[in-house]
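Structure first, then comments.
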Amino acid sequence: MGKIALIGAAGQIGTPLSLLCKSSDLFDEISLYDIVHVPGIATDLMHIDTKAKVSGYLPEDGGLKKALTGADIVVVTAGIARKPGMTRDDLFKTNAGIIRDIFFEIAETCPNAISCIVTNPVNSTVPVAAEALKKAGVFEPTRLFGVTTLDVVRASTFAAHALGGSAEPKHFKVPVIGGHSGATILPLYSQAKPTVNLSDEELAPVINRVQFGGDEIVKSKQGAGSATTCMAYAGFRFVKAIMSARDGQTVSEEAYVYLPGVPGGKEIAAQLGVDYFAVKIEIGKNGASQALPIGQISANEEKLLEVAVSDLKANIATGVSFMRS
């Protein structure tokens, strides 16, 4: 049990995520923060017959600080969503400042909380958060995660779609490494369990769909938003993993982390030549306890990995330079 703070709870991801948290009975307390609507959302959620107390805070009267006070877990979904024609660089220009300000407050109010960033572009917003925590002298890499779980969910779902018939998406476990946008996302179908029986030619469109599934939703919603309900589902799956680890269970999930600061991660960072990267992480009571090696991958995946690392270097530099400028 404990307290979770959902920052950006009035948004199209934050609201369904708050419902999942309230319905789960995993928390004693849920605090919601956003610039609009959250007191009403909190009242609405309090009509649900689970034990968590829900409170909503607006910016007035130090609302962000109140929402964060005493939080064990913070999930940040605040920011704007991507619209048709908008690049992730466009998205970053708005969301970077939001993430910076939130993490300055986290540094002051709940520096020991486990922080999970959903706000896109994750490849760049996580470095922004890390630099903010560094400036405050409280950066602990094992407690900062970029949530990439949606890529893992898509990798199993889209494989099942491609196989057709009675294939069950949850039946497949597909590691997904790299980043959280486009070509930086690398599903490792060579390591899938059980084996995904598709040829390289059949896998190519599946990999592309995992990488660019966000575009599929943006186009389908015709300007009304991006991935929201599936992202809330994936975000809650990651939160559940953290809560299970707090209860002493052995848990592993992919996540985007600062590798040199996580046990086992320094070697992976040196091998790849990049500091921020999503790999499978063993999660303990206090956050990341071990970054697991990537392992053997196929020749095609090796080529895709080179592209992912090259793109990630630029994304990371964007986040770091924003905070240093």
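Residue numbers run from 1 in the order of the sequence given. Computed from heavy atoms alone, side chains included, the values below leave out hydrogens, waters and symmetry copies.
At least one side-chain heavy atom of V279 sits less than 4.5 Å from a side-chain heavy atom of L259. H161 places a side-chain heavy atom less than 4.5 Å from the side chain of R209.
Between the side chain of T77 and the backbone N or O of V118 there is no donor-acceptor pair closer than 3.5 Å. A donor-acceptor pair under 3.5 Å is formed between the side chain of S24 and the backbone N or O of C21. With N95 contributing its side chain and N120 its backbone, the two residues share a donor-acceptor pair below 3.5 Å.
Applying the 6.0 Å contact sphere to CD of E302 captures more than 12 heavy atoms from other residues, nucleotides or ligands. Residue K93 places its NZ atom among 12 or fewer non-hydrogen atoms of other residues, nucleotides or ligands, all under 6.0 Å distant.
The ring pair (Phe, Tyr, Trp, His ring centres under 6.0 Å) pairs that include a residue from residues 83-103 are F92-F322, where partners are two or more places apart or lie in different chains.
If you chain together hydrophobic residues whose side chains sit under 4.5 Å apart, L91 and V122 never meet in one group. Cluster annotation: L20 and L45 are assigned to the same hydrophobic cluster (Ile/Leu/Val/Met/Phe/Trp/Tyr, side-chain heavy-atom contacts under 4.5 Å, transitive). By the criterion of side-chain heavy atoms lying less than 4.5 angstrom apart, applied directly or through intervening Ile, Leu, Val, Met, Phe, Trp or Tyr residues, I80 is not grouped with L6; the two fall into different hydrophobic clusters. If you chain together hydrophobic residues whose side chains sit under 4.5 Å apart, L272 and Y258 fall into the same group.
A salt bridge does not link K303 with E306: every distance from a Lys NZ or Arg NE/NH1/NH2 to an Asp or Glu carboxylate oxygen is 4.0 Å or more.
Among all heavy-atom pairs drawn from L68 and K3, the shortest one is C-NZ, 4.4 Å. Among all heavy-atom pairs drawn from K173 and P175, the shortest one is O-CD, 3.8 Å.
With N123 as reference, N315 is the one residue of T148, D311, N315 to meet the side-chain hydrogen bond (donor to acceptor under 3.5 Å, both in side chains) rule. When each of T149, L150, I185, L186 is tested with V176 by the rule side-chain contact (heavy atoms from CB on, under 4.5 Å), just one qualifies, namely I185.
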* Tell me, with the steps shown, if K66 and S55 meet side-chain hydrogen bond (donor to acceptor under 3.5 Å, both in side chains). => CA-CA 10 Å; K66 290 176 182 177; S55 304; over 6 Å; no
